[in-house]
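Chain letters run A, B, ... following the sequence lines, proteins first, then strands; residues in each count from 1.
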Amino acid sequence: MIGDILAGRVRPGTQVTIQGWLRTRRDSKAGLSFLHLHDGTCFKAIQVVAPSTLANYERDVLKLTAGCSLVVRGELVESQGKGQAVEVRAGSIELVGAVDDPDTYPIAAKQHSFEYLREVAHLRSRTNTFGAVARVRHCLAMAVHRYFHERGYYWIHTPIITASDCEGAGEMFRVSTLDLVNLPRDESGEIDYSRDFFGKSAYLTVSGQLNVETYCQALSRVYTFGPTFRAENSNTARHLAEFWMIEPEIAFADLTDNADLAEDFLKAIFRTVLDERADDMAFFAERIEKTAITRLEKFIDTRFERMEYAEAIDVLEKSGKSFEFPVSWGVDLQTEHERYLTEEHVKRPVVVLNYPKQIKPFYMRLNDDGRTVAAMDVLAPGIGEIIGGSQREERLDMLDGRIDEMNLDKDAYWWYRDLRRYGTVPHAGFGLGFERTVQYVTGMANIRDVIPFPRTPNNADF
RNA sequence: UCCCCGAUAGCUCAAUUGGUAGAGCGAGCGGCUGUUAACCGCUAGGUUGCUGGUUCGAGUCCAGCUCGGGGAGCCA
């Protein structure tokens, strides 16, 4: 693999076979062509020197254009030119797949706009940027699993399809096999979902949290890591209709343990990326976001600020800033408020704790003051809210009180309530948007460019 | 969903008060060179997003639509 060679794991003089896709070709009248070949195993492409004495030099090599797939056999040699330490002196070049109309190949050897590349998402993976994003994304995903595995957490596969609107976390996608042009109706003319596939309404999950809590109260430390769906009509650089979410849940734990976990976890996976994907991170720092590396290093080295919600409100009220949305105790923090807190006031990640109960979901634990719940948001400069979590309400009477207050159907949560009846324990957890994490690490401005095939309102191409 | 901006060659963008639509890159051909986003010359490439309107004449002005971008809401 090209990654092994460019990492110095293959000695010059070795016969090698490399397989990949052509980036550029430059011909020299000295009787050779220079090919840059990439195979995605590392950031860089490798230079292949193709002498004109190759049997298919005239027929194939001189006609190679960006995107052609090749198998090159030859000797790894120290480069005579500047710009690379080693190169492959080709003994044979096999053209595996030609580009049949080079004029229309969408990925030219030049800079394309990300907006354009989204329209050719099936080929953008061949660019420097999207190769780097894919490798960093993988690295982060593996780092997540490794972090939890090494600390005794179990990965729980919570369902993709769910019959309950778990936490009221937004609009849901309906899952149905009913014939839309011939819907079954009941006596009152309503759609009869009892005749749908699951015998009732079903949806794509908006969170695995309620389900994973059941395993938390048996296996102690668990997490989910899977796709999540929100049918919100959100058109922003930080929202997707289909995204991946990481949700750890820890038993015998309170909000402080939760915040500690969030901080240690984020720092650990960021450290892993810096260690393992230095080549890609160098690219992001050079071409995408100047502070990509220094920002992560600073993130890792500084302790998160911790701030009570009430204190945050106080800070905002005394900031002298004129916010579009006025601030007072009881309101939810807007994007502009969160940005001020993390970017201007403390200038580093901040965990805001204990929010008013009326702006948070029913399952969050009511504090002794009776008006706040044990919720936390982790805010980071440049991205805003990256984590939202809470200590869960483990007392059945309190939970029922919250369910009633919010006019929810107690029966729908019968199994969730059972957990509070049979050996309940204090527990806590949080949700981390995986794509937002990839965005933060890479500095990519739009969330649609950190997932291979983004799904957003009006767009499910590819 | 709301506010603002935009859509011109394969890509990135020009085009003066409404008057014959251009450049760079990419592509093709030729030249030059152990080349590095190579360089030099030539060539091809367009129903100016769609529909309608105003006008002698619309890339340019007006309306609607579609798509994209920035910001906001919802949130992760």
| message | Without decimals, in angstroms, what is the distance between F114(A) CZ and U12(B) C1'? | response | 14 Å
| field | Qualifying residues under ring pair (Phe, Tyr, Trp, His ring centres under 6.0 Å), relative to F304(A), sequence neighbours excluded | value | F299(A)
| request: Check RNA chain B for consecutive Watson-Crick or G-U pairs with both distances under 3.5 Å and list the runs of at least three as stems. | output: B:1-7 with B:66-72, B:10-13 with B:22-25, B:27-31 with B:39-43, B:49-53 with B:61-65
| T236(A) or G433(A), whichever maps to the more 5' nucleotide of RNA chain B | T236(A)
| query | C1' atom, G18(B) versus U33(B): distance in rounded Å? | reply | 50 Å
| note | Among G68(B), U12(B), A72(B), the one nearest any side-chain atom of E115(A) is G68(B)
| Which whole number of Å gives the distance between the P atom of U8(B) and that of U47(B)? | 12 Å
| task | Give the intermediate values and the outcome of side-chain hydrogen bond (donor to acceptor under 3.5 Å, both in side chains) for residues D27(A) and S33(A). | result | CA-CA 4 Å; D27(A) 304 320; S33(A) 292; 2.7 Å; yes
| said: Would you measure the distance from the P atom in U60(B) across to the matching atom in G19(B) and give it in whole Å? | reply: 11 Å
| Is the closest side-chain donor-acceptor distance between E213(A) and H427(A) under 3.5 Å? | yes
| query | Would you say a side-chain N or O of N459(A) is under 4.0 Å from OP1 or OP2 of C67(B)? | reply | no
| said: Reading RNA chain B from 5' onward, which residue's closest nucleotide shows up sooner: N233(A) or Y105(A)? | reply: N233(A)
| message | Under a 3.5 Å cutoff, is there a donor and acceptor pairing between the side chains of Y215(A) and R221(A)? | response | no
| query | Quick one: what's the B/S/- string for nucleotides 34-40 of chain B, heavy-atom cutoff under 4.0 Å, read 5' to 3'? | reply | BBB-S--
| is_close_aromatic(F362(A), Y413(A)), centroid dist under 6.0 Å | yes
| note | From CG of L117(A) across to P of G68(B) the rounded distance in Å is 15 Å
| task | Tell me whether the guanidinium CZ or amine NZ of R151(A) lies under 6.0 angstrom from the six-membered ring centre of Y147(A) and within 45° of its axis. | result | yes
| message | In whole Å, measure the gap between the C1' atoms of G24(B) and A14(B) for me. | response | 11 Å
| field | T224(A) and its side-chain hydrogen bond (donor to acceptor under 3.5 Å, both in side chains) partner, picked from Q209(A), H157(A), E247(A) | value | E247(A)
| message | What's I246(A) touching, base or sugar-phosphate or nothing? Going by heavy atoms closer than 4.0 Å. | response | nothing
| request: Please state how far atom CD1 in I107(A) lies from atom P in U12(B), giving the value in whole angstrom units. | output: 11 Å
| request: Report the distance from atom CZ of R23(A) to atom P of G26(B), rounded to the nearest whole Å. | output: 15 Å
| query | When rounded to the nearest 0.5 angstrom, what distance separates CZ in R371(A) from CH2 in W329(A)? | reply | 4.0 Å
| said: At 4.0 Å (heavy atoms only), tell me whether N235(A) reaches a base, stays on the sugar-phosphate, or touches nothing. | reply: base
| task | Determine whether any donor atom in the side chain of S234(A) lies under 3.5 Å from an acceptor atom in the base of C75(B), or the reverse, and answer yes or no. | result | no
| What distance, rounded to whole Å, do you find between the two C1' atoms, one in C50(B) and one in C25(B)? | 29 Å
| request: Counting heavy atoms from C-beta on, name the nucleotide in G68(B), C75(B), G28(B) closest to the side chain of T335(A). | output: C75(B)
| message | Taking only the P atom of each, what is the distance from A23(B) to A44(B) in whole angstrom? | response | 11 Å
| said: At less than 4.0 Å, is any side-chain N or O atom of R448(A) found next to OP1 or OP2 of G69(B)? Yes or no. | reply: yes
| query | Expressed as a whole number of Å, how far does the P atom of C39(B) sit from that of C3(B)? | reply | 47 Å
| request: Would you please say whether a donor-acceptor pair under 3.5 Å links the side chains of T437(A) and E435(A)? | output: no
| request: I would like to know whether H145(A) and Y223(A) meet side-chain hydrogen bond (donor to acceptor under 3.5 Å, both in side chains); could you show each step before the answer? | output: CA-CA 9 Å; H145(A) 285 307; Y223(A) 69 105; 2.6 Å; yes
| Under 6.0 Å from the six-membered ring centre of F462(A) and within 45° of its axis: does the NZ or CZ of R455(A) meet both? | no
| request: For M172(A) and C74(B), give me the distance from atom CE to atom C1', rounded to whole Å. | output: 15 Å
| request: Report the distance from atom CZ of R230(A) to atom P of C74(B), rounded to the nearest whole Å. | output: 13 Å
| query | Could you state the CD-C1' distance from E338(A) to G73(B), rounded to the nearest angstrom? | reply | 13 Å
| query | Rounding to the closest angstrom, what is the interatomic distance between G64(B) and C74(B) at atom C1'? | reply | 29 Å
| Looking at U12(B), C11(B), C74(B), which one has an atom nearest to any side-chain atom of S113(A)? | U12(B)
| message | Any N or O donor-acceptor pair under 3.5 Å from the base of C75(B) to the side chain of H239(A)? | response | yes
| message | Classify Y116(A) by what it touches in the nucleic acid, base, sugar-phosphate, or nothing, heavy-atom distance under 4.0 Å. | response | sugar-phosphate
